[in-house]
Amino acid sequence: MDLLELTTRPARRAAIEARSFAALVRAGAFGLDPPRRQVQILRALRDYGPLGAAPRIAALRHPELPAIADERGTMSFAELDEQVDRLANALKGRRLAAGSSVGILCRNHRSPLIAAFAASRAGINAIWLNTAFSARQAAEVAAREGVDLLVFDEGLSDAAADIEARHGRIACAADAAGEVDRAIAEGDKTPLPRPARPGRVVLLTSGTTGTPKGAPRPEPRSLSLPGALLDRMPMRAREATVIGPPLYHGTGLIMALLSISLGSQIVLRTSFDPATLLADTERHRATTWCVVPIMLQRLLALGEEELSRHDLASLRVVFCAGSQLPADVAIRAMDLLGDVVYNLYGSTEVSVATLATPQDIRAAPASVGRPALGSRVLILDEPGEQVPAGTPGRIFVGSTAPFEGYTGGGSKETVGGLMSTGDVGHFDDQGRLHIDGRDDEMIVSGGENVFPGEVEELLVTHPAILEAAAIGVEDAEFGQRLIAFVVTRDDFELGEADVKAFVKENLARYKVPREVVFLDELPRNPTGKVLKGELAARPPK
């Protein structure tokens with residue numbers, strides 16, 4: 001770090017906080033509250049931190065407004081805040097000490113959020129577990145992360161069967177009252193005293209290349225994370241957000257927390273269905289969708305006629321994150337829905353890196369936009385030196401929400417305080433970031449570097465192709481070769497020669513897949529990322 005950076009860092013941080021505050025005021029997160037309420041809000045933040053305080057602040061400002069709509073109906077912010085206090089007291093009654101951990105193994109509905117807020121107020125960590133885990137994997141991860149109490153869906157009893165939690169388990173149901181509701185009813189509604197430290201949130205990495213790892217984050221002492229989103233996205237207070245991705249994934253959880261902080265209703269469903277999302281948007285006059293790219297693709301697959309049957313005039317933001325958004329999908333979405341797509345690039349480890357606005361997407365559909373407020377993004381070569389615009393290199397990110405390292409030990413590579421994302425990319429001459437591929441996915445075929453992501457991006461532009469993935473495998477003649485996996489649209493016929501010819505017409509000859517495999521669907525995790533390990537494990541021809 002040079003002297004200039006050392007002397008300007010405090011000024012830069014102050015400027016980030018000021019701009020974040022302005023974005024939150026503009027969105028309506030802060031308002032001209034009466035003095036008594038201002039004192040109550042500040043006390044809630046002091047006692048419980050931003051996470052535990054979020055439902056309290058919303059209840060103080062908007063007690064009767066709807067907070068959560070799910071299969072059980074709708075609850076207000078006042079009801080949400082009281083239930084959080086009651087469950088927090090019930091958790092303390094189970095003798096969970098400060099710093100212990102509650103594991104949450106639930107699909108999307110009110111109970112897991114209530115449990116997470118309650119844990120934070122009680123000084124207990126909340127560990128969000130993947131609902132797609134097998135019983136063995138769930139037990140291994142829970143043991144490694146130190147789960148002391150398990151909150152789980154009755155419908156996930158098989159996955160939870162082998163988890164040993166020394167303070168027991170509490171079942172809940174998405175569409176009816178369960179053990180969690182009984183614990184809430186029996187808990188004291190008196191607010192808990194201030195814990196020594198608010199509970200932390202522990203999310204798991206996606207696990208597409210190995211066992212998911214716990215990635216804890218410190219309690220935020222900055223406005224820059226919500227500020228980075230609201231600085232560019234026109235979300236406003238007292239609206240409605242439909243959440244598509246699982247809450248255990250950072251994309252779904254951050255948008256749920258941001259919406260609650262704005263006093264906006266969140267709409268949750270235990271499973272994603274594109275037709276239901278459209279109906280929920282119309283019913284709740286939703287202004288924001290939170291989706292991952294595959295969800296947006298499935299919405300578009302319904303067709304223009306079906307989309308036009310629903311009143312989507314309220315929609316202002318389609319927030320997309322979690323995996324790479326194909327350029328063709330982004331443009332088709334905006335052609336049908338309007339210029340409302342915002343594409344975030346980041347990860348569990350680095351948090352928010354860049355955020356593309358609709359204007360960015362129109363100008364450079366394949367980009368992921370410019371660095372977000374509070375984030376610093378550099379492209380470095382192998383020796384760790386910054387490269388000029390247009391030159392590909394490894395992507396490193398620094399933010400105001402630093403990653404602490406995995407709970408089991410280890411971390412990502414860092415250079416000068418910036419963390420590797422594991423991706424390779426480049427900046428264009430307008431400062432927009434483009435992702436060229438994963439640095440561990442690049443193959444060398446016949447002496448030429450090939451990024452599978454570039455081929456995938458092209459394939460989904462073919463009118464007959466719904467989804468595509470590409471991987472590199474060992475090859476005796478060329479060292480490595482590319483295999484493409486393709487899912488075709490209904491009523492289209494496509495052969496291997498057609499796919500190869502399409503790639504040859506648009507990319508260099510050495511990027512043409514040497515094999516094309518047609519599948520009914522690509523294997524994905526619940527957040528939409530393609531499980532390339534499963535593709536690589538398929539028996540060879």
Side-chain angles (χ1 to χ4, degrees), residues 16 20 23 27 203 205-206 215 217 220 223-235 241-259 261-262 266 287-297 299 315-327 329-331 333-334 337 339-377 395-401 403 419 421-423 425 427 431-435 438 453 457 527-529:
I16 290 169
S20 297
L203 299 178
T205 60
S206 61
R217 287 197 172 277
L223 299 175
S224 63
L225 180 54
L229 301 177
L230 296 175
D231 184 57
R232 295 188 188 170
M233 296 196 304
M235 294 176 67
T241 300
V242 182
I243 306 289
L247 290 172
Y248 66 74
H249 185 260
T251 300
L253 186 60
I254 188 60
M255 288 299 284
L257 298 179
L258 180 60
S259 297
S261 298
L262 289 170
I266 57 173
T287 57
T288 300
W289 289 352
C290 173
V291 294
V292 295
I294 186 59
M295 292 177 177
L296 191 55
Q297 288 175 258
L299 280 157
L315 189 64
R316 254 193 345 266
V317 174
V318 175
F319 176 75
C320 196
S323 59
Q324 191 156 353
L325 175 63
V329 174
I331 292 298
M334 293 205 300
L337 301 171
D339 284 2
V340 295
V341 176
Y342 293 79
N343 182 26
L344 181 139
Y345 170 65
S347 70
T348 305
E349 293 90 344
V350 305
S351 188
V352 176
T354 65
L355 181 60
T357 65
Q359 293 73 29
D360 291 323
I361 293 170
R362 287 292 186 193
S367 84
V368 290
R370 297 174 174 86
L373 177 64
S375 295
R376 187 176 179 218
V377 182
I395 302 172
F396 284 77
V397 177
S399 73
T400 55
F403 171 56
M419 180 174 291
T421 66
D423 292 323
F427 280 112
R432 289 181 289 253
L433 180 65
H434 296 249
I435 310 301
R438 294 289 297 173
E457 186 82 21
T527 60
K529 289 186 178 179

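Computed from a predicted structure; not experimentally measured.
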* Sequence neighbours left out, what passes salt bridge (charged side-chain N to carboxylate O under 4.0 Å, His left out) with Arg316? Give chain and number order. =>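 Arg316 satisfies salt bridge (charged side-chain N to carboxylate O under 4.0 Å, His left out) with Glu239 once adjacent residues are dropped.
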
For residues [X] and [Y], report the shortest heavy-atom separation together with the two atoms involved.
X: Ala23; Y: Gly227; result: CB-O, 4.1 Å
X: Leu253; Y: Leu203; result: CD2-CD2, 3.9 Å
X: His434; Y: Ala364; result: CE1-CB, 4.2 Å
X: Val350; Y: Ser347; result: N-OG, 3.1 Å
X: Val292; Y: Pro245; result: CG1-CG, 3.9 Å
X: Lys529; Y: Ser323; result: CG-CB, 3.9 Å

Review point. With a 4.5 Å limit on heavy-atom distance, are the side chains of Cys290 and Thr251 in contact?
Key: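 Side-chain contact under 4.5 Å: yes.
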
- request: Kindly indicate whether the side chain of Leu373, heavy atoms from C-beta on, has any atom under 4.5 Å from the side chain of Ser224.
  value: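 Counting from C-beta outward, Leu373 and Ser224 never come under 4.5 Å.
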
The criterion is side-chain contact (heavy atoms from CB on, under 4.5 Å); which residues satisfy it with [X], sequence neighbours excluded?
X: Ser259; result: Met235, Thr241, Ser264, Ile266
X: Val340; result: Val318, Leu337
X: Val377; result: Ala353, Thr354, Pro371, Ile395, Val397, Phe427, Leu433
X: Ile254; result: Leu225, Leu229

Selection residues 362-371 - residue pairs positive for salt bridge (Lys or Arg N to Asp or Glu O under 4.0 Å), sequence neighbours left out =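 Pairs touching residues 362-371 that pass the test: Asp335-Arg362, Asp339-Arg362, Asp360-Arg370.
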
Return the set of residues passing side-chain hydrogen bond (donor to acceptor under 3.5 Å, both in side chains) with Ser20 (not counting sequence neighbours), or none when no residue passes.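 Scan of Ser20 (side-chain hydrogen bond (donor to acceptor under 3.5 Å, both in side chains), adjacent residues dropped) gives none.
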
Problem set entry | Thr421: side-chain hydrogen bond (donor to acceptor under 3.5 Å, both in side chains) partners, not counting sequence neighbours |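 Testing Thr421 for side-chain hydrogen bond (donor to acceptor under 3.5 Å, both in side chains), a comparison that skips the adjacent residues, returns Tyr345.
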
I need the [X] [atom1] to [Y] [atom2] distance, nearest 0.5 Å.
X: Ile361; Y: Arg432; atom1: CD1; atom2: CZ; value: 11.0 Å
X: Cys320; Y: Gln297; atom1: SG; atom2: CD; value: 9.0 Å
X: Asp231; Y: Leu223; atom1: CG; atom2: CG; value: 12.5 Å
X: Leu344; Y: Met233; atom1: CG; atom2: CE; value: 8.0 Å
X: Thr288; Y: Leu315; atom1: OG1; atom2: CG; value: 7.5 Å
X: Leu257; Y: Leu262; atom1: CG; atom2: CG; value: 11.0 Å

